[in-house]
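Along the sequence shown, the residues carry numbers beginning at 1. Computed from a predicted structure; not experimentally measured.
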Amino acid sequence: MTDNEVCLKGEFTGIQWDLTECVEITEQNSCASTHTVVLDTCNYTMNVALPPVKPHITFNETIPSQFEWMNKPERCNAALLIINCINNENKKGTVYGLNTPVSLLPDTHYSCTGEYPHEKQPIKSNELDIQIKCDWQKNGQFQPLSSRSLEISWTSLEGDRCSGIEWDSYSASCKTPDRHGNNHPGSCTQDSGTSTVCSITGLLPYTDYACSITGTIKQTNYVIYTVYSKTHSAEPDFRSQIEVTHPSHNSLEIKCENKGPKIVWNGGEGTFEAEITYNGEPLITKHKTKCSFHFQNLYYLTTYKIQITAKNKEGHLAFITSEATTRYNVKAVFGFRVFLGVVTSIALLFVFFETYFHKRKRDKEDGEDEDCM
């Protein structure tokens with residue numbers, strides 16, 4: 001027997017004569033129970049079970065779909081034709097019937113063969129390669145909620161070739177694009193087998209993420225939606241230490257980028273503002289792109305409050321504070337000491353001359369007394 005031919009053998013009881021004839025199988029004689037052999041002097045009708053013509057099966061690559069027997073002969077029983085599908089994970093195969101809903105796994109290569117039983121050797125169709133490609137990406141929506149969270153929703157669209165999938169569960173996660181990026185899992189609320197809303201929290205502000213929704217069916221995971229986006233900006237992470245030096249006794253040099261954690265702008269790189277305050281009154285305010293400020297001509301030996309504010313391009317603010325005291329006026333102290341020395345010298349001279357004149361006067365009086373005597 002070949003794909004389109006079968007050889008029949010007839011035996012006559014009591015007569016040593018065998019009759020064999022090979023018959024081409026067509027749709028007209030498929031599954032016939034008798035066959036008539038035309039001889040020269042008579043016709044002989046055999047009781048046989050002819051096989052069907054080689055089946056031609058089709059499958060519309062959607063989920064769900066069904067197998068159809070396109071060249072089914074009228075006398076053949078469709079219920080006897082089975083379709084066996086194998087894939088890499090299932091080498092033994094799964095058997096399906098005709099005209100019943102079939103949900104094959106998406107993005108999985110199947111090799112399916114129709115088989116119709118016939119004696120010891122079934123009649124087989126050609127192998128049918130099936131791989132259902134699903135376009136899930138267009139079904140998702142993405143919305144940043146804040147600088148540290150976002151929301152993804154996904155709904156199966158009507159008319160999509162994979163719209164009939166009933167997902168067992170959904171999950172979501174976000175990760176930074178770099179190779180060693182942290183993975184942030186999310187929580188999903190399943191509205192139905194074909195719809196979900198997922199939220200992811202604990203993200204970093206103003207950071208690029210690749211976020212995905214994964215659907216699970218028959219313990220197989222599929223990434224059904226992926227979006228690349230950046231979280232909103234936020235206030236800078238500004239925890240640097242303020243350094244104060246004294247270029248002179250009435251000036252302050254202020255820096256804040258050398259010690260402590262480096263500033264994280266959580267947005268576009270911005271500017272610094274430094275303000276010094278005395279007795280609650282702001283005296284001087286300066287703006288720079290680097291955290292380095294020089295304040296001159298301040299009061300001597302005075303304590304000032306310092307506030308440095310970091311402002312990113314999106315307008316978010318963060319500040320740090322400290323205090324600094326100017327030093328005493330060396331020139332004033334030196335001048336006072338000079339003045340005090342001069343005054344002391346004059347006083348000493350005054351006492352000296354006073355003593356001198358007093359002594360002379362006394363000596364003169366003593367001389368006059370001697371003359372009188």
* Donor-acceptor pair, side chain of D168 and main chain of K218, under 3.5 angstrom -> yes
* Cluster overlap I263 with F319, hydrophobic side-chain contacts below 4.5 Å -> no
* Steps toward side chain to side chain contact (heavy atoms under 4.5 Å, CB included) verdict (F293, I276) -> CA-CA 11 Å; F293 301 90; I276 61 173; over 6 Å; no
* Enter the distance from N84:CG to K124:NZ here, rounded to the nearest 0.5 Å. => 8.5 Å
* Counting distance only, does the side-chain N/O of S65 pair as donor-acceptor with the main-chain N or O of I63 below 3.5 Å? -> no
* **Single hit among T196, T194, I224 for side chain to side chain contact (heavy atoms under 4.5 Å, CB included) with S156** => T194
* **CA sep, side-chain torsions, deciding dist, call: Q241, E243, side chain to side chain contact (heavy atoms under 4.5 Å, CB included)** => CA-CA 6 Å; Q241 296 180 15; E243 291 182 87; 5.8 Å; no
* So how far is it from T309 OG1 to I320 CD1, rounded to the nearest 0.5 Å? -> 9.0 Å
* Which pair of non-hydrogen atoms, one from E61 and one from I130, has the smallest distance, and what is that distance? -> OE2-CA, 3.6 Å
* Between the side chain of T302 and the main-chain N/O of T326, is any donor-acceptor distance below 3.5 Å? -> no
* To do: Mind checking the SG-CD1 spacing from C291 to I242? Nearest 0.5 Å is all I need.
  => 7.0 Å
* **Inter-residue atom distance K288.NZ - I308.CD1, 0.5 Å rounding** => 11.0 Å
* Asked: Do C211 and I152 come close enough that some side-chain heavy atom pair is under 4.5 Å?
  -> yes
* Without swapping roles, check the side chain of N312 against the backbone of A234 for a donor-acceptor pair under 3.5 Å. => yes
* Structure fact -> Value for CG (L150) from OG (S199), rounded to nearest 0.5 Å, stands at 8.5 Å
* Verify side-chain hydrogen bond (donor to acceptor under 3.5 Å, both in side chains) between T325 and T303, making sure each step is shown before the conclusion. => CA-CA 4 Å; T325 303; T303 299; 2.7 Å; yes
* Step-by-step side-chain hydrogen bond (donor to acceptor under 3.5 Å, both in side chains) determination, N126 to K54 -> CA-CA 8 Å; N126 292 331; K54 185 175 182 177; 2.5 Å; yes
* Transitive ILVMFWY side-chain link V197 to L157, under 4.5 Å -> no
* What's the verdict on side-chain hydrogen bond (donor to acceptor under 3.5 Å, both in side chains) for T216 and N221, showing C-alpha distance, side-chain angles and the deciding distance? -> CA-CA 4 Å; T216 301; N221 297 327; 2.6 Å; yes
* **Given N87, I86, N88, the one that forms side chain to side chain contact (heavy atoms under 4.5 Å, CB included) with N90** => N87
* Could you tell me whether K133 and D135 have a side-chain N and a carboxylate O separated by less than 4.0 Å? => no
* Asked: Looking at the rings of W265 and F272, which for Trp means the six-membered one, are their centres under 6.0 Å apart?
  -> yes
* Compare every heavy atom of I25 with every heavy atom of S30, then report the nearest pair and how far apart it is. => OG-CG2, 3.6 Å
* Using a distance-only test with no angle check, is there a side-chain donor-acceptor pair under 3.5 angstrom linking T321 and Q307? -> no
* Report yes if some heavy atom in the side chain of Q141 is under 4.5 Å from a heavy atom in the side chain of Q143; otherwise report no. => no
* Asked: Quick one: does S292's side chain have a donor or acceptor within less than 3.5 Å of a partner on K290's backbone?
  -> no
* Ring centroid separation F142 to W154 under 6.0 Å -> no
* Structure fact -> Of all heavy-atom pairs linking P55 and L81, the shortest is CG-CD1, 4.1 Å
* Structure fact -> For N139 and T155 the tightest heavy-atom approach is CB-O, 3.0 Å
* Asked: In a check of ring pair (Phe, Tyr, Trp, His ring centres under 6.0 Å) between W136 and each of Y225, Y170, W167, which one passes?
  -> W167
* Are more than 12 heavy atoms from other residues, nucleotides or ligands located less than 6.0 Å from atom CZ of R75? -> yes
* Full working for side chain to side chain contact (heavy atoms under 4.5 Å, CB included) between K230 and Y206 -> CA-CA 6 Å; K230 179 177 290 186; Y206 206 69; 3.9 Å; yes
* Look only at the side chain of S195 and the backbone of S192, and say whether a donor-acceptor pair between them is shorter than 3.5 Å. => no
* Under the side-chain hydrogen bond (donor to acceptor under 3.5 Å, both in side chains) criterion, do T271 and H287 qualify, and how do the steps go? -> CA-CA 7 Å; T271 59; H287 298 82; over 6 Å; no
* Does any N or O in the side chain of T231 come within less than 3.5 Å of the main-chain N or O of L204, such that one atom is a donor and the other an acceptor? -> yes
* P106 side chain reached by Y222 side chain, heavy atoms, under 4.5 Å -> yes
* To do: Locate the shortest heavy-atom distance separating I57 from G114; write the atom from each residue and the value.
  => CD1-N, 3.6 Å
* Asked: Are L128 and Y96 in one and the same hydrophobic cluster, where Ile, Leu, Val, Met, Phe, Trp and Tyr link if side-chain heavy atoms are under 4.5 Å apart?
  -> yes
* Asked: Can you check whether C162's main-chain N or O pairs, donor with acceptor, with D160's side chain at less than 3.5 Å?
  -> yes
* To do: Applying side chain to side chain contact (heavy atoms under 4.5 Å, CB included), run through E253 and K255 and close with a yes or a no.
  => CA-CA 7 Å; E253 188 78 32; K255 296 182 180 181; 4.3 Å; yes
* Asked: If only atom types and distance count, is the side chain of K72 paired as donor or acceptor with the main-chain N or O of H56 below 3.5 Å?
  -> no
* Asked: Within 45° of the axis and under 6.0 Å from the centre of the six-membered ring of Y209, does NZ or CZ of K175 qualify?
  -> no
* Structure fact -> In terms of heavy-atom contacts, N77 and W69 come closest through O-CZ3, 4.3 Å
* Asked: Does S240 reach the main-chain N or O of C256 with its side chain, forming a donor-acceptor pair under 3.5 Å?
  -> yes
* To do: Please round to the nearest 0.5 Å and tell me the distance separating atom CD of E68 and atom CG of N60.
  => 8.5 Å
